[in-house]
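Per chain, numbering begins at 1; letters A, B, ... match sequence-line order. This is a predicted model, so every value here is computed, not measured.
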Protein chains: 2
Amino acid sequence: MPHPINILEDIRRLRPDLKRSEAQVADLVLQNPRGVLEQNVTALAHSAAVSEATVVRFCRSVGCAGFPDFKLRLAECQARGGTPYVSQDVAPDDSVGTLARKIFSSSAAALTAAAAGLDEVALNDAIARLADASRILCVGIGASGALAQDAAHKLLRFGANAQPCSDPILARMLLLNLGADGLLLALSNTGRSGAVNDLAAAARAQGVPVVAITAPESPLSRLASVTIASLPVEDTEMYTPMASRLVHLTLIDVLSTGVALRLGDPAREHLAKVKATINASRTPPTG
Amino acid sequence: MPHPINILEDIRRLRPDLKRSEAQVADLVLQNPRGVLEQNVTALAHSAAVSEATVVRFCRSVGCAGFPDFKLRLAECQARGGTPYVSQDVAPDDSVGTLARKIFSSSAAALTAAAAGLDEVALNDAIARLADASRILCVGIGASGALAQDAAHKLLRFGANAQPCSDPILARMLLLNLGADGLLLALSNTGRSGAVNDLAAAARAQGVPVVAITAPESPLSRLASVTIASLPVEDTEMYTPMASRLVHLTLIDVLSTGVALRLGDPAREHLAKVKATINASRTPPTG
DNA sequence: TATTCATGAAAATTTTTTTCTTAACAGCGG
DNA sequence: CCGCTGTTAAGAAAAAAATTTTCATGAATA
C-alpha cells in the first residue's frame, strides 16, 4: 500500500516516536503544510533548524521513499482542486465578486460531493426505464418546474418522447394518456410537494412506473419505482437550495446523456436534425 | 495567481496550442495522470518518446515553473475528493458510473473556470438594475426557457417582481406593459436566437433596459444594456452545452442573491413568507 | 533559399541522497 | 565517583540523481 490515504494524519500519529530533530521538522510541516510544498530540502532544513539529512530521515520515518515522494503525498492532502473557499455563507457586506466566488465555489463543491455519493444501480435502472419508455411525462412544481422543463427539453433533444408539465391538473390528464409503457419523471427538491406526490401515487396506481429525482427517504422516494437521490445539502443559508438544484440539473444531464448513449446512433441522428432545425431560426454568425 | 485550480483542465484546454512533441507529453499525462507522478523527467520523456528538454518545455507551456512544480500540481488534482477524471468526452461504451463522474467533474470544472472569468463590474451593474426595477420580464426560449423560469422564480422568492415568458408573442405584449422602470432579463446560450433578439431590440426601442446572460460578442450582447457573459465552453461534444447552462444557472444564482443582499431585510422577510406559504402545501416531515 | 522554429543531445546546475564523521548519552567496570 | 566504551543522533560533505539550460541540427515555411 504505497499511499496510505493521508500523510498529515500519519505524521501526527507518528510524531511521538520521532527523534527530537525529526520532530522539529514534523511540527513545521503540521503547522504549515502548504508552505513546505514551496521549499526544497535545503530550505526546509534551514526553516526547521536541522540538517538536510535529518529532513530526509524524517521523510523516511513517516513512510515515504524520500523527500520528493513526501512532497507529492503532502500535495495530495492539500487538495486545492475541490474547494478553494470553504463553502462559506454569503455575508451581507460581501462584494459582488466575493459573493460570486462563494456561490460558484460552493456550487462546484456541491457537484463534487454529489458525484461521490451516486447510486450507480439506480442510475442504471432509471436510464433503462427512460430509454425504453414510449412516452415520458416530466413533472415538477415551483422551483422544480424549471427542472422538469429542462429534463423534457434534453430528453427530446435525444429523441425520447418527453413532455414537461407544471400544472397538476393538466398533468393528471396527461398521465391518463400515458400508455402502459409510459413513464413519470417526478422532480422535487424535498420530496414533500403534495401535488407531485399525488401524481406519483396516481401513476403507480395505474401501473405507470415513476422515476424520481428527489431527496432520499422522502415521501416521494417511497412512492417511486426508482429514486435518484442527491445527498441532502444542509439548508444553512438562503442560497443553499440552489446548489441542490444544480445537482439535480446535473443528474438530469447524466440521465439524458445515458439515454442518448443507450439509444445510440438514432439519438445522434436525431440530435443533428434538432440542431439543424434550431440553427435555421438563428441569426447567422456574421450578423 | 500561482495555482490556477486544476492543472489537468488547463492541459486539456491548452492541448491544441502545444507543439507536436509537447502534445505527445500532454496526451500521456491526460491518459494516465497518476502514472506520471511516479516518473521522473527522464522516464516520462522516454515514455512519451521525446527529449527531457521537451518535457520541461511542456511543463512551462501549461503554466508551471518546471517539472517538480508540475508534479506537485498534478498531485493536487489527484487528491481524493478532487477531480479524478479530466473532462473527457463521454464514450459510447462508458459505464453509467463513468459517465456520471465525467459529467459531474466536467460540470464542476466549468463552474470553476467560469468563476475565474467573471466581469464584476457587469455583475454589479446588473444587480443594481434588477434590484431597482419595478418589474422584470425574464425571457428565454428553447433550452433557455427553463432558465428564464428559474430566474423569475428566484427573483420572486426574494421579493422582486419578476415574470418568466417563453412565448415570443406573449412576451411582446408583456413588454408593452412594462413601465419605464421595468427591465428585460434576456437569456440565450448563443445570443443568436432571433425571437429573443427581437424582444431585446423592441425593449431598447421603448426605453426598457436589457440585462442579458449570454455569450460575449454575440448579437444579443450588443443589444443589451448589460451583458453577463460566460466564457464560451468549446462545444466539443454532445453534452457540453449542458455545462454552459449550468454556468448560466449559477450566474442567475449570483444575480438573485446579489439582489437579495441589496434589498436587505425586506428580501429576507419576503423569503420567510414565501417559505411559510410553500410549506403549507407540503406533506409534513413525519408523513 | 533564407529564416524561423521545433527538437534533441549534451553540458551545467540544482537538488537530493548517501556516506562518513563528530558529538551526546547511557551502561558498566574500575 | 570517574572514566571507558558502545550505541545512537545529527550534521557536513561527498556522491548521485535529477532538472534545467544551452547550443546545434534538421525540418518546415515563407
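Note on A:Arg20: a side-chain N or O is less than 4.0 Å away from OP1 or OP2 of D:dA10. Taking side-chain N and O atoms only, A:Ser51 has no distance below 4.0 Å to OP1 or OP2 of D:dA12.
The separation between A:Glu52 atom CD and D:dA13 atom P is 11 Å, rounded to whole Å. Here the C1' atom of nucleotide D:dT20 and the CG atom of B:Asp69 are 14 Å apart, to the nearest Å. Regarding A:Gln24, its CD atom lies at a distance of 13 Å from the C1' atom of D:dG11, rounded to whole Å. What separates NE2 of A:His46 from P of D:dA10 is a distance of 18 Å, to the nearest Å. For the pair B:Phe58 CZ and D:dT20 P, the computed distance is 13 Å after rounding to whole Å.
Among D:dA10, D:dG11, D:dT20, the nucleotide with an atom closest to any side-chain atom of B:Phe67 is D:dT20.
Contacts of B:Val55 with the nucleic acid, taken as non-hydrogen atoms under 4.0 Å apart, are absent.
With sequence neighbours excluded, the residues forming a side-chain contact (heavy atoms from CB on, under 4.5 Å) with B:Ala48 are B:Val25, B:Leu28, B:Val50, listed by chain and number. Residues satisfying the ring pair (Phe, Tyr, Trp, His ring centres under 6.0 Å) criterion with B:Phe70, sequence neighbours excluded, are B:Phe58.
Remark: the backbone N or O of A:Ser256 is not paired with any side-chain donor or acceptor of A:Arg157 at under 3.5 angstrom.
Heavy atoms from other residues, nucleotides or ligands lying under 6.0 Å from CD of B:Glu120 number more than 12.
For DNA chain C, the outermost nucleotides in 5' to 3' order that have an atom under 4.0 Å from a heavy atom of chain B are C:dA6 to C:dA9.
Both A:Arg57 and A:Val41 lie close to DNA chain C; mapped to their nearest nucleotides by heavy-atom distance, the more 5′-ward contact belongs to A:Val41.
Ion pair B:Arg60/B:Glu22 not flagged as a salt bridge, since none of the NZ, NE, NH1 or NH2 atoms sits closer than 4.0 Å to an Asp/Glu carboxylate oxygen.
Scanning both residues, A:Leu118 and B:Ala100, for their nearest heavy atoms gives CD1-CB, 3.4 Å.
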